[in-house]
Amino acid sequence: MLFNSFYSRNTFQKQQFDDFIRCNGEKYRRIMDEPGDTDDDYRRTVAEMKRFLEAFTGKASVRQRCKEIHEAQRVAEELGLSIDVNDFRIVWDTPFLQTYEGSLWLCAGEAVNRHRSFIQEKIEHRGQLQQELCVPKNERLRIWRRRQMNRIYSELGIGAAKANIHTPLSFELSDGCSVGCWFCGVAAKKKNSDFLYTPDNIKLWRNILEFFKDFLGNAASTGTCYYGTEPLDNPDYEKWCNEYADVLGTFPQTTTAIAMRDVERTRRLLKHSRKRGAKINRFSVLNEKTLNEIHAAFSPLELLYTELLMQNMESVSLFSHSGRAREHSEMIEKKALKSGIDQPNSPASICCISGFRINMVRKTIDLLTPCTADETHPLGEYLLATGSFESVGDIETFVKEWTNDIIVSRLMPRNLAAFRPDLTTELDTEKNLLTLKNGNGTFTYTNPLIPLLYKPLQAGNQSVYQIAENICEQNSEFSMDQVFAYLDILFQDGFLNESPEFFHTRKFEYTPQ
């Protein structure tokens, strides 16, 4: 969003934020955990700023009008807001912001710092999910997930990496999706059927949840009950989420593209999910008409904890270049023209799972992790294993076998080793310096082993054992263990090729006996 230019210059570090709240306790406070229906001047200010910025980022016509400050105030009035747009002009008016130098966090004004504190709370919560709450209890899975996170930082870029929580668990409660967005990042197929709230299904659901509670620990509670599906397609979605909360302790976060299909159902869901532990929910906004309807149906306070994902053509958001969007480059170009921005840095995946995806209708379980979308992986996913189940016992078998066979915690002697194909590599033999580059940055390593590892890692046709054996035969000063250890450093940092086509020599497809 355009107004991120302000927040990107003025983001708190965690300790700064803690100190800021402590030292300004009379003016500012944390509101993420407050009840959703609390109404006071502080929360209204935050909610009204949020509402104005939604209109600004979602509508080209509003951005055009806001070039004149008096028109910007009229926009706020038409939205039913009482806030003075001058109080937070540095957030939405980029030319105005550029007249300031240095950090603005002390002089930004009360309204801006209230809103910025709330944004910071959400960033903090997302970071806590990624770094703590989503971390699985199982050690092998934990190490594997961390390595995928390291890989994504250099493969997809720091922005995409910070936004991705890498949940270890996600469920689908429908077979397909009724919405059919042309840009769907996972190319969801047309909806077929739903997982209904019957006694047999309830028993299976609770048994699966109990298994993952034991296997993943508290991280199981960070999953979602949708992926390549529209959650509200399932008429029993709220019942399944209540069962989820009963077993795992938290009502899962919801992202829906059909918030206006049944407004009262959506309203109840927002209130109930907050009461049962959901921090943030999200609406996908597919067109400007729907944005207007959402703003008319819900007050700013009602949507304080609901993020609007602007997927409409006039918005300034970027579509992921994955799934069906890869087939519609002309639409992406059209959106760029309509919104007034170009889109050179579109994210290349919307996959937020490093772990297990379970479809309760088809009774399938997959092991996957994000990657850059390309011809081989058009959905932006490495699909590492897939299976079908009838019982929780089948799922337990798959999970344990995959954890032992596929989810490796360290580089093994039998594994092939090569640099990731998206990286450009350079070697400085005099300095023992390895430089790895791609569009997201430059990364360097220095070690006496670097010149000896460079050619075999470029070739990518030798196992770890073969590389180590060849080096040690010709260089007595190095041991096999030293070579193994340094290769594993590159591996754990995410710079070696771990794509399933290269790294896994077996196909892991299971059908229960």
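Positions are given from 1, in the same order as the sequence printed here.
- Taking a cutoff of 4.0 Å between a charged side-chain nitrogen and a carboxylate oxygen, Arg420 and Glu498 do not qualify as a salt bridge.
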Would you give me the side-chain donor-acceptor pairs under 3.5 Å for residues 294-310, sequence neighbours excluded?
residue: His295; atom: NE2; partner: Arg51; partner atom: NE; Å: 3.4
residue: His295; atom: NE2; partner: Glu54; partner atom: OE1; Å: 2.9
residue: Ser299; atom: OG; partner: Glu302; partner atom: N; Å: 3.1
residue: Glu302; atom: OE1; partner: Arg267; partner atom: NH1; Å: 3.1
residue: Glu302; atom: OE1; partner: Ser299; partner atom: N; Å: 2.9
residue: Glu302; atom: OE2; partner: Arg267; partner atom: NH1; Å: 2.7
residue: Tyr305; atom: OH; partner: Ile31; partner atom: O; Å: 2.4
residue: Tyr305; atom: OH; partner: Arg43; partner atom: NH1; Å: 2.8
residue: Glu307; atom: OE2; partner: Lys122; partner atom: NZ; Å: 3.4

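- Of the charged side-chain nitrogens involved, at least one lies within less than 4.0 Å of a carboxylate oxygen, so that Glu381 and Arg357 count as a salt-bridged pair.
- For Phe88 and His115, the distance between ring centers is not under 6.0 angstrom.
- The main-chain N or O of Arg362 is never found under 3.5 Å from a side-chain atom of Asp175 such that the two would form a donor-acceptor pair.
- At a threshold of 4.0 Å, the pair Glu264-Arg268 does not count as salt-bridged, since none of the basic side-chain nitrogens sits closer than that to a carboxylate oxygen.
- A salt bridge is absent between Arg63 and Glu314; no separation between the charged side-chain nitrogens and carboxylate oxygens falls under 4.0 Å.
- Arg276 and Asp246 are joined by a salt bridge, as a carboxylate oxygen and a charged side-chain nitrogen come within less than 4.0 angstrom of each other.
- Ion pairing between a basic and an acidic side chain is recognised when a charged N comes within 4.0 Å of a carboxylate O; Lys239 and Glu243 show no such pairing.
- Electrostatic pairing of Glu155 and Arg151 counts as a salt bridge here, judged by a charged N lying under 4.0 Å from a carboxylate O.
- In this structure, Phe171 has its ring center under 6.0 Å from that of Trp205.
- Contact check on Arg114 versus Asp41 returns a salt bridge, with a Lys/Arg side-chain nitrogen under 4.0 Å from an Asp/Glu carboxylate oxygen.
- Checked by atom type, the side-chain pair Thr224/Ser170 shows a donor-acceptor distance below 3.5 Å.
- Sparse packing is recorded around CZ of Arg410, with 12 or fewer heavy atoms of other residues, nucleotides or ligands lying under 6.0 Å away.
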